[in-house]
Amino acid sequence: MAEIVGAVASVLGLAVELGKCIVQPIKRQFNYLCCFNNNIQSLRKEAERLDNARNGLQLEIEAAENKVEVIRLEVVCWLNSSNVIKDNIDGIETQIPIVKRHFWNIKSRFSLSRKAKKTTEIMKELRGDCKFNPISHPAPAPARGPIRIGETYEFETRKQIEEDIMEALKGGEVNMLGICGMGGVGKTTTAKRIMKRARDEKLFDEILMVVVSQPIDMSKIQREIFELLGLELKEKSLQARAHKLRVKLIGTKRALVVLDDVWEILKLEELGIPCESGVKGCTILLTSRNRDVFTAMDVQKVCALQILLEEEAWFLFREKVGSCVDDQDLVSIAREVVRECKGLPMALVIVGTALKNVKRKYIWENALRQLKSSDATHVLAEVYKPLKLSFDLLGNPHAKDVFLLCSLFPEDANISLKRLTWYLLGLGMFEGIRNLKETRNEVYTLVELLKSRFLLLDGYDKHHVKMHDVVRDVAIFIASKEEKLVDSNFSSIDRWLKHSYSDCTWISMFPQERIELPIVLNVPRLRLLLIHYSQNSKIQMHDQFFEAIKELEVLSLKYLSFRSFPQTMELMKNLLTLNLESCIDLESISIVGELSSLEILRCHYCTSITELPAEIGRLIHLRLLDFSYCESLKRVVPGVISSLFQLEELKMIGSFKGWESEKDGKERKNASLNELQSLSNLTCLEIEIADCALAAEDIHLSSEIVKCNIRLMDHYDNEDHYYNEAFEKRVWLELPREISLGDWILILLRRTEVLELKGDGSVKLDLAQVQEIKKFGFRECSTVKKLVSTTSIDWSFGVFPVLESLKLEELPNLEEICDGPIEAGSNSFNNLKELQIFYLPALMYLWNCQSQNVSLNNLTTIYIKGCDKLRNLFPLKMAKDGLLQLKKLQIRGCSMMEEVFSSNDGEEGHITFPKLEYVLLQELPSLTTLCKGVESIECPVLEVMYIDGCSKFTSFVSSTWNSSCFAGHYDDSSHFFCNQRVTFGNLQVLRISGNKNIRSLFTSSIATDLVNLKHLRICGCNEIVNVIGDHEENVCENSPCFPSLVRLSLESLPNLVNFCGWRCALELPSLREISIQYCHRMESFTMGSLTTPKLESINIGKCEKLHNLSLVGFATSSGNNLSVAGHSDDSFHLFCHQKVTFGRLKKVNIFAGYEQVSNLWCHQIPSAGFFSKLETLRICHFGSIRSLLSSSIAADLVNLKSLCIKSCNEMVKVIGDDEENVCENSQLMFPSLKWLSLLRLPNLVNFCGWRCALELPSLRDIQIEDCYRMESFTMGSLSTPNLKDIKIDDFKNEDIEDLNGVVQLWFREKVKSLDFNLLSLFLFSLQGFKVAIRNFNNTFSRIENFEQNP
């Protein structure tokens, strides 16, 4: 019983618990339905409380944002959640009226009530979480924030600099870097780009930039750094701030501090920026216009920014000015505007912004005019300001004068520092300087200062500088304000007459046109006058020209025409510098002797001066006398030279040679070498001596001579003269016989840097005494057998250890350079850079590798020509170890040379020429390979290779382990460039000609690797079958070959079958020009498809088997490759594919050997776009073609300028009429056609074969020759408004307005002449027929007689 009661109790308890679990959810669900209004009211009340909380929090957020604080993330998340809830409430409120109207919809009422209840509970929980203290925190320091630099662009001229700096920043070994450049060149922008990249790549924790500017304010710089780092600035003293900043920067893991616009030395330690090399973590990047600042501050890496390239400048300008410059009326002017900005980014941005979206042409023209004028301050004011500031802060007044003086020269001129020296000396700029050498040194020093501030730029050598055009405009502006010079771009004499230059002190004229000079130059304060015409102007000076410029100190004239100076010249008693250049009519200079103060007298290329008169001897203050290249100067009055006892430089190269001797005691007509002994201050002597016997004179020259150019030689190479301007001491000796040399010449020889020897007498000269020579030339000596003797003379110090250039020419018996051993480590020829050996038929080797230890570590250029006994150049070991600097290798006409580098000990391996750029091997009939002793060769920077007339050359390397590319093994697998053995990855130009053995040039892998090849020419290789040989397994069939190839020429290859010998999708994406000539077996260009989207010119001739250019496939459109098109007829078409377009093709030239081709293009050719860019079309020797163009293709030739059709015997019409869409009386135009030639077309009836209105608006010249059936030019109307010349055989007619009429008249005249000729021919033939019958009868009668009498 008890058990039953217990069981019942358990069941009842379980039922009660189950009821509780079921009743409560049922009750809750029932309440959603019954308590709808209560739930809605609770929702609205809680929503109001949440709105209040949100509004209060929003006020706190606004207050924090006003303090530039950062809102905490959880606050932002709470706001986002509350906004979501608010959106939900709005949705509920929208549904409430609907539910109330439809009260019987219990389901909707239940659902909305439940949603309101749940939302209320969420709002209560959310409101409870709205307890934030604080809601924000201070913003992070700007040094940790994102870097915004605005719109910038990447340019090639800047990319490498950015990469170099980024690499240094990543390496961490360099802690101070500098970017320098002229004002406005983009230093700050480059620094900001580097900052952004460093932030994006997370290289630094702190990155900040501070502008230093001028004058330096240490307190301001510190304050800005503190703000950027988020530090509190409580300290008052610089030292305390510096300590705090130093602790902060050292404590930072990595920091980048950019100091922009640094003008002078900045003491970083005093600022608190750690810059010691041992301190890690802080890297400093500086920008400056003064390179010397970086040197003084021990900046470890300096990068100089240059101006933009022309296309870069155009891109930047276009980005700023907008698309308006694409207008055809504006683009040329816009280009001129860009050129006037001279690649300076700041100028481009300023001008581009000013002209943004301007479309009126006159505004552009006005802007261009202003930019071209030197007074463009209102246009480029923002560019001028920093450049003017650079000038003001030079400090050195002489540097300012040099800067302003450079503005006297034309735009983009290479300014000679010699000229600056003459002009500055004449202006008396350097007081206290005693001589020309010291003046020159001062000028060079000041120029270096200006270059370090980027106010001057490097010229083409160390003796010249350039001035950026914008900088020049600033200099002219400054000088004009200081009344030193005026705008020198005079366009006419009116500029002289209309303006008063009474206060001007400098005037410079470089007119490009013939502009007359005023009668009187009325500028009384003028001190310097430069008048340099660009060519022989025939401009003369009036007698009164110098009357009003008595204070003149410097006068320089070029290309003026006058026989003698005006008499008023003698009034210029203050003239110190007189420079005359190319005044070719000047004959008399006697009046110059009246200029008693003159110190510089230079007459250069004044070719009519015949005498240096006695009056010149009065110029006792003269320091420089230069009569170089006055070729008519035959007499120097005796005693003139010796009178100029203060002379420092005497130059007469290319003029006077008639020096005489005083030994014979005769009265002299000319100066003697002994007069030079009076010139104790002489430092530079440049003279020519015709009489080689004077080399034995006993004279004593000044010990101060540091520069000489002595030539005892009748003829010399002018090219050598200009080349040797880099050398200060030069001696040319032509000794046709043995002559004892005087001490004066031996002293000069011991010090000379350049020595040129010529003649058989040179053999006795002891070359051991000229160890300082850097350039040595020896030629035309038949007696020399060895250059130097190392057996009889001690050369332990080395043979020519400083020699840089050696040239040996026409020494027929020279057998060796050195006749004995050369010890290792002697530095013999160690500095040799250039080696030239010409026509030495007895020379068997350059250096004996067994006994002559020569190091050629600096050799860059080798040129060998006409050395028939030379079998090789160098041993392989020397090439491997020594020729690491070789850049240029040329070998020509050495008939016995078998290899360039020899190996006698059987060594194999790899050889690299790391700097070789240019190789030419020409007319070497015995050459088989570069080297037989190596397995592979690498030339990573080789750009140009010519191999011409090397008939036995089969490969570049030839080792014992693989003979597949060996000479004498010519199977189908051999290639000129052997796979995996030749690496010429940078090759750009390749020419192979005259090789009789190679069957293919490249393997497929090498063709794929030659990514930089631009020009390829193969000529006269009789056995070549394919340019690219068989396909290799490891090369993808779709691999592109020659992606950079621009020009391809295949000529005289009689066995060439195709360019590519395996089926692939050949891509030549850059090809623009192709020429195929005399390739008689060539049937197709490639066995697969071909893509050439940029092709512009096709030239094909004498390729008889090349019938279908769809096989050649010279262009594609939208990636559709060409393939063979099928034809239902038997005719041949040259261009045949519907999906082909020649949209870039400009030139087509196809001639000879196409007798079976009946149409150039089939009917599938599209109606537009096929030849839209074609400019030149030349078709010759097509035997079966009856018409050249369809009407649709003719209409597409809108850019055709020249059309020539020749020797197409079956051609009836140029433009056919076989198209269905041709309408009678329609219009056809060739808008650009200028030249038309129709030659030797015996069946041509007319140009256009259907009646249309033919318009040739640009046609100027037409030639028709041997077109006997041509009745008229066209069947319809014809318009040729610009026709200038008509040539039809020998027919002459003055009427060029009616071309049709002229052709018809010519045809009628031809018919008349033809009728007469036919009648003559008939009569002649009739007479001949009678003679033939008579002869036949006589013969027949003889035959009968023979039969009757056997």
Side-chain angles (χ1 to χ4, degrees), residues 156 309-312 314-315 326 331 943-944 986-991 1002 1007-1018 1027-1028 1038-1051 1058-1060 1064-1077 1082 1084-1101 1106 1108-1123 1134-1150 1160-1161 1165-1166 1168-1178 1193 1196-1202 1232:
E156 284 299 320
L309 299 177
E310 184 174 349
E311 286 307 312
E312 294 175 338
W314 173 251
F315 173 81
D326 295 335
V331 64
E943 295 181 357
V944 179
N986 196 48
L987 192 64
Q988 298 180 22
V989 179
L990 176 61
R991 184 179 73 198
F1002 307 105
T1008 305
D1009 291 340
L1010 291 176
V1011 295
N1012 295 303
L1013 189 65
K1014 295 180 180 179
H1015 306 289
L1016 174 61
R1017 183 172 184 259
I1018 310 170
V1027 176
I1028 305 175
N1038 293 323
S1039 299
C1041 296
F1042 312 122
S1044 302
L1045 190 65
V1046 175
R1047 184 179 298 124
L1048 174 63
S1049 179
L1050 307 173
E1051 301 175 15
N1058 44 44
F1059 182 80
C1060 184
C1064 67
L1066 184 60
E1067 295 183 15
L1068 302 173
S1070 301
L1071 189 66
R1072 295 181 183 275
E1073 299 179 25
I1074 186 167
S1075 177
I1076 306 176
Q1077 307 284 336
M1082 189 173 189
S1084 66
F1085 188 79
T1086 178
M1087 296 176 66
S1089 61
L1090 174 66
T1091 302
T1092 59
K1094 295 185 178 180
L1095 191 65
E1096 295 180 356
S1097 175
I1098 299 176
N1099 189 1
I1100 302 176
L1106 189 62
N1108 195 319
L1109 277 188
S1110 64
L1111 281 172
V1112 180
F1114 284 122
T1116 63
S1117 174
S1118 303
N1120 297 312
N1121 293 328
L1122 285 172
S1123 60
L1134 206 57
F1135 298 98
C1136 187
H1137 198 276
Q1138 186 176 7
K1139 297 180 179 180
V1140 173
T1141 175
F1142 285 72
R1144 296 177 64 95
L1145 197 63
K1146 294 183 178 180
K1147 182 180 179 181
V1148 173
N1149 184 7
I1150 306 176
L1160 253 69
W1161 14 71
I1165 293 298
F1170 193 79
F1171 276 140
S1172 58
K1173 300 293 183 182
L1174 191 66
E1175 296 180 359
T1176 301
L1177 178 59
R1178 185 168 182 258
I1193 291 180
D1196 196 39
L1197 297 174
V1198 293
N1199 288 298
L1200 188 67
K1201 296 180 180 178
S1202 176
S1232 303

Item to complete: Identify the heavy atoms of Leu1068 and Phe1085 that sit nearest to each other, and give their distance.
Response: CD1-CE2, 4.1 Å

Worksheet item: Which value, rounded to the nearest 0.5 Å, describes the distance between Ile1150 atom CD1 and Ile1100 atom CD1?
Response: 5.0 Å

Discussion item. Please give me the minimum heavy-atom distance between Leu1045 and Lys1014, naming the atom from each residue.
Written reply: CD1-O, 3.5 Å

Fill in: Minimum heavy-atom distance Lys1147-Leu1174, with the two atoms named
N-CD1, 3.7 Å

Fill in: Under the side chain to side chain donor-acceptor pair (under 3.5 Å) test, residues paired with Arg1017 that sit two or more places apart
Glu1051

Worksheet item: Could you walk me through whether Val1148 and Leu1177 pass the side chain to side chain contact (heavy atoms under 4.5 Å, CB included) check?
Response: CA-CA 5 Å; Val1148 173; Leu1177 178 59; 3.8 Å; yes

Practice prompt. Please examine the side chains of Leu1050 and Val1027, heavy atoms only from C-beta on, and report whether any two atoms are closer than 4.5 Å.
Written response: yes

Worksheet item: Between CG of Leu1095 and CG of Leu1090, what distance do you get to the nearest 0.5 Å?
Response: 9.0 Å

Worksheet item: Is the backbone N or O of Val1011 less than 3.5 Å from a side-chain atom of Ser1044, with the two atoms forming a donor-acceptor pair by type?
Response: yes

Worksheet item: Going by heavy atoms in the side chains, are Phe1059 and Leu1048 under 4.5 Å from each other?
Response: yes

Worksheet item: Which pair of heavy atoms, one from Ile1076 and one from Met1082, lies closest together, and at what distance?
Response: CG2-SD, 3.8 Å

Worksheet entry | Residues forming a salt bridge (Lys or Arg N to Asp or Glu O under 4.0 Å) with Glu312, sequence neighbours excluded | none

Response to the item:
By side-chain contact (heavy atoms from CB on, under 4.5 Å), Glu310 pairs with (sequence neighbours left out) Arg339

Fill in: Side-chain touch Thr1176/Lys1201, heavy atoms, less than 4.5 angstrom
no

Worksheet entry | Counterpart residues, side-chain contact (heavy atoms from CB on, under 4.5 Å), relative to Asn1149 (two or more places apart) | Asn1099, Phe1151, Arg1178

Practice prompt. Please answer whether the main-chain N or O of Val1198 pairs with a side-chain N or O of Ser1232 as donor and acceptor at a distance below 3.5 Å.
Written response: yes

Item to complete: With sequence neighbours excluded, tell me which residues meet side-chain contact (heavy atoms from CB on, under 4.5 Å) with Val944.
Response: Tyr918, Tyr946, Val989

Worksheet entry | Main-chain N/O of Pro1043 paired with Ser1070 side-chain donor or acceptor, under 3.5 Å | yes

Worksheet, complete the sentence: Residues passing the side chain to side chain donor-acceptor pair (under 3.5 Å) test with Glu1073, sequence neighbours excluded, are Arg1047

Practice prompt. Report the distance from atom CZ of Phe315 to atom CG of Leu309, rounding to the nearest 0.5 Å.
Written response: 13.5 Å

